[in-house]
Amino acid sequence: MSAPDHALVLFSGGQDSATCLAWALARYPHVETVGFAYGQRHAVELDCRAPLRDGMARMADWGKRLGDDHVIALDAAMAAVGATALTAEQEIALGADGLPNTFVPGRNLLFLTLAAAIAYRRGLRRIVAGMCETDYSGYPDCRDDTIKAMQVALNLGLAHRFVIETPLMWRDKAATWALAEALGGGPLVALIEEASHSCYLGDRSRRHPWGHGCGTCPACALRRDGWQRWKGRP
Ligand code: ZN
């Protein structure tokens, strides 16, 4: 049996998943995290996970709520499937199918399946993930219908009653910054600005008001534009 208010957060070290972790810590008495190494060019995001967890453990009563961290290595499996611009040195561009070549086919389906397997083992009923279809790149595995279908498939396939929660699904990036502020005020916003990572190119050598990154890749542009709209600045 899984505890109805115990949660597992898909936690990559990015802005969205960091906000999701805070969202879960504000709600649930026991929260574990899972991260995936899949040969991402921005593997530096995985190094951001510990500082983010440590920082949130010092906020409110979140320290006693924050449980184990799990890291699953998928590098070899994803490499065997084949390269994308997110996992190899390729120019980021739009493909003939209208999807950016940063799309890693099946990635989020795989992540949710593995997360459900961990949640099953650990007795965690809620799976919290940062997928968003509001201002994202049109990745089909981020869509609300995909996530709902995955919940049904996993509950059937594992004979369980998981609830997949996606608090950012209908929030744009500006609203995601606002959510962080509502959850943890200035200290949480400052932690996410400094310690989370979004840049597809893995660049942490440049610090902008909105955080570290190259400043020009699609992930940096989304993060910067959202931050500026939230701040009310051009
Ligand atoms: Zn960038």
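Both ligands and their constituent atoms are indexed starting at 1 by order of listing. Note that the structure is predicted; figures quoted are calculated from it, not measured.
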Peer 1: Between R204 and D47, is the closest basic N to carboxylate O distance under 4.0 Å?
Peer 2: no
Peer 1: Suppose the cut-off is 2.8 Å; which protein N/O/S atoms would you list for the Zn ion (ligand 1)?
Peer 2: C199 SG, C214 SG, C217 SG, C220 SG
Peer 1: With rounding to the nearest 0.5 Å, note down the distance linking CH2 in W23 to CD in E165.
Peer 2: 4.0 Å
Peer 1: Which pair of non-hydrogen atoms, one from D68 and one from R122, has the smallest distance, and what is that distance?
Peer 2: OD2-NH2, 2.9 Å
Peer 1: Side chain to side chain contact (heavy atoms under 4.5 Å, CB included) with H6: which of R126, R65, H30?
Peer 2: H30
Peer 1: Is there a side-chain contact between R224 and K173, using heavy atoms and a 4.5 Å cut-off?
Peer 2: no
Peer 1: If the condition is ring-ring contact (aromatic ring centres under 6.0 Å, His included), which residues does Y28 pass it with, not counting sequence neighbours?
Peer 2: none
